[in-house]
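Heads up, the thing below is written out as structure tokens.
Numbers restart at 1 for each chain; the letters A, B, ... are given by sequence-line order, proteins then strands.
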Number of protein chains: 2
Amino acid sequence: MTRGPEDAEHPEYTEGSDGLDDVVVACDIGGTAIKAGLVDTRGFVRHDHGVPTPFVAGDGAATADAVLAEVVRTTARLREAAAERGGRVVALGVIVPGLVDAEAGLARYSENLGWRDVPFVRRLTKATGLPVGFDHDVRAAGAAEQRLGAARGRRDVAFVPIGTGISASLVLDGRPYAGGGWAGEIGHLDAGSGLPCPCGGTGCLETVASASAIRRRYEERTGRAVSGAVDVAARLERGDPDARVVWDAAIDALAVSLTGLAAVVAPELVLIGGGLSGAGDALLAPLRRALDARLTLQRRPELRLAGLGDRAGLLGAALLAWERVGVRVAEPGPPASRPAVHRSHAADPAT
Amino acid sequence: MTRGPEDAEHPEYTEGSDGLDDVVVACDIGGTAIKAGLVDTRGFVRHDHGVPTPFVAGDGAATADAVLAEVVRTTARLREAAAERGGRVVALGVIVPGLVDAEAGLARYSENLGWRDVPFVRRLTKATGLPVGFDHDVRAAGAAEQRLGAARGRRDVAFVPIGTGISASLVLDGRPYAGGGWAGEIGHLDAGSGLPCPCGGTGCLETVASASAIRRRYEERTGRAVSGAVDVAARLERGDPDARVVWDAAIDALAVSLTGLAAVVAPELVLIGGGLSGAGDALLAPLRRALDARLTLQRRPELRLAGLGDRAGLLGAALLAWERVGVRVAEPGPPASRPAVHRSHAADPAT
């Protein structure tokens with residue numbers, strides 16, 4: 001689904017074009033890396049840049065300080081890069097993992113990064129002088145899929161990245177829905193596994209169907225190391241019965257949880273992303289069958305792979321930045337008339 | 001929560017006032033009765049009227065014709081009543097049960113009334129000459145609770161009437177969310193009962209926790225007839241062990257399903273309505289405890305009884321009518337400053 005500059009729909013885009021007009025700086029802060037880039041009004045990434053996420057073990061506040069300093073440095077570097085090509089940075093968009101209060105501009109909590117209540121918007125506004133857009137990483141990525149990716153022009157969409165965890169980013173009636181930052185926690189729906197979950201619940205979807213859980217359960221069962229959940233999927237084709245048991249349990253649990261999602265918000269489209277989406281049809285085909293068998297009177301969601309791969313977050317951050325200055329990058333509509341993504345890569349199958 | 005004209009917050013309202021300005025006709029079409037009324041711009045019901053729902057056994061199309069004719073007759077009668085008091089009817093709002101495509105103006109399907117694909121808006125616009133607002137009964141009632149009732153001023157609300165069935169009407173970010181007419185079907189979430197459901201699924205919430213299911217399960221278990229689910233609740237106080245078993249199963253299943261609802265849409269407030277809400281604290285207190293025990297990282301919804309009783313539908317129909325002519329009856333805000341409901345009654349505990 002991602003496209004390069006050769007894409008016939010975008011003849012106006014010329015690879016290597018030097019001129020830049022107004023652009024935004026987009027930053028996708030992850031547990032291990034900060035991806036950053038300059039993004040134009042058409043949703044094209046014009047320059048990108050990645051650095052490791054600084055981390056101070058056991059000290060969330062120090063980690064937050066280091067991350068904020070890195071974002072400020074990266075923003076300065078990208079402003080220089082824009083200026084060298086005659087461009088101007090008009091806003092900054094930042095997304096973070098964990099629990100986010102977008103309205104208050106706060107990163108409430110991140111289990112991986114250890115921070116609590118970090119005023120991202122206030123501190124970055126002060127340090128850069130730019131208008132700052134800010135939100136949760138998965139929610140922003142879901143909005144990008146709905147505006148620029150595989151869900152373009154669809155009103156009611158759930159973007160479900162499956163990696164170390166599982167959540168759903170919801171776009172309802174064409175607008176991202178956050179539920180105060182709490183919506184879409186389908187990883188903790190009871191999917192009937194009966195297993196204890198670190199959240200304190202039992203049977204949660206994440207205990208059997210996250211990419212991490214699939215890998216762990218296979219390794220525990222067989223004593224054989226695998227490179228990740230996609231590797232478990234690859235073993236299905238070779239008739240590995242342990243891979244079959246682990247994989248089928250994940251598919252069943254996903255079908256249970258997506259049936260619950262369909263009953264409550266009735267998405268017309270469910271986009272599967274994250275590391276597990278690298279399994280492609282080994283995931284989608286049985287999941288479609290299992291879901292079909294479970295759905296009764298619920299709206300039947302179309303099931304597809306996400307389209308923007310690991311660029312979804314960066315583009316989501318860019319959309320937030322553009323929104324802060326009143327620019328709407330793309331209106332929902334038929335995909336053929338929409339801006340595409342420059343220099344994107346296929347979904348990273350790493351788990 | 002419902003209030004009469006003596007309400008000190010509305011000193012400007014005078015019972016028996018003869019003068020009417022612009023009003024709308026609101027019609028709540030139910031399986032057994034059509035409730036209709038004249039409603040003013042403040043959300044006061046100024047005149048009401050009820051007739052039995054006409055029904056032609058085995059012929060959904062004929063039932064639809066008879067219902068539409070009755071709505072047209074009722075509208076004419078209410079227009080006369082308005083005119084006699086110097087008022088003018090400016091729009092008509094109609095709500096129906098079943099599956100509804102509000103955008104297309106169609107009643108897609110009703111199991112009780114037997115109709116399919118009835119163009120309510122087109123036919124009523126032609127017959128009355130009025131602008132017609134139209135939607136699903138429970139969704140409209142939920143919107144009324146959020147605008148005028150117990151959820152005033154709250155953004156993310158689930159209104160859950162529990163009667164012959166169970167569904168949730170969702171207001172998300174302050175706007176009713178329909179999911180193309182399919183959202184909120186929590187009655188068919190798997191709540192773990194293991195019982196077959198007429199929908200084709202197994203374990204659905206409705207199999208143990210609807211008011212009808214509670215009554216049926218108690219009667220099957222004991223061979224004793226009860227007047228309804230609220231009667232089963234009353235027997236709890238007398239130490240009836242069968243009532244305890246049936247009631248506890250309903251509470252557990254409700255807690256499972258509301259936990260799923262909290263994970264997916266994270267309502268800040270869940271309003272319980274419908275016949276079962278007549279059980280009051282016998283329902284709310286154990287349900288709060290069971291829900292507290294199940295929630296882990298989900299947003300904890302406040303749990304309250306709905307406020308508008310059996311007037312919620314009529315008021316929801318009125319809101320739809322006013323919206324059709326560009327009038328917003330009440331803005332979300334603190335309850336104390338909101339219009340109230342005239343001549344409303346407490347929730348009808350009938351199941």
For A:E103 and B:R155, which heavy atoms make the closest approach, and how far apart are they?
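Smallest heavy-atom distance, with atoms named: OE2-NH2, 3.6 Å.
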B:A266 to A:A183 - nearest heavy-atom pair and separation:
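Looking at all heavy atoms of both residues, the shortest contact is CB-N, 3.9 Å.
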I want to check something: taking the side chain as every heavy atom from C-beta on, are B:W182 and A:D156 in contact at a cut-off of under 4.5 Å?
no
Would you indicate whether the side-chain heavy atoms of A:R299 and B:E185 approach each other to under 4.5 Å?
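With C-beta onward as the side chain, the pair stays apart.
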Heavy-atom contact with chain A under 4.5 Å, split by part of B:L172:
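Contact with chain A: backbone and side chain both.
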Side chain from CB out, backbone as N, CA, C, O: work out which of these in A:L99 comes under 4.5 Å of a heavy atom of chain B, or both, or neither.
neither
Between A:P176 and chain B, which part of the residue has a heavy atom less than 4.5 Å away: side chain, backbone, both or neither?
backbone
Tell me, out of [options], who's got the most heavy-atom pairs with chain B below 4.5 Å.
{"options": "A:P267, A:G180, A:A168", "value": "A:G180"}
{"options": "A:V256, A:V265, A:L295, A:L261", "value": "A:V265"}
{"options": "A:T259, A:V264, A:L170, A:D190", "value": "A:V264"}

Quickly, which of B:C204, B:C199, B:C197 forms a side chain to side chain contact (heavy atoms under 4.5 Å, CB included) with A:L297? Name it, please.
B:C199
More than 12 foreign heavy atoms under 6.0 Å from CD of A:E302: is that the case here?
yes
Among B:A178, B:G200, B:G184, which residue has the highest count of heavy-atom pairs closer than 4.5 Å to chain A?
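Of the options given, most contacts go to B:G184.
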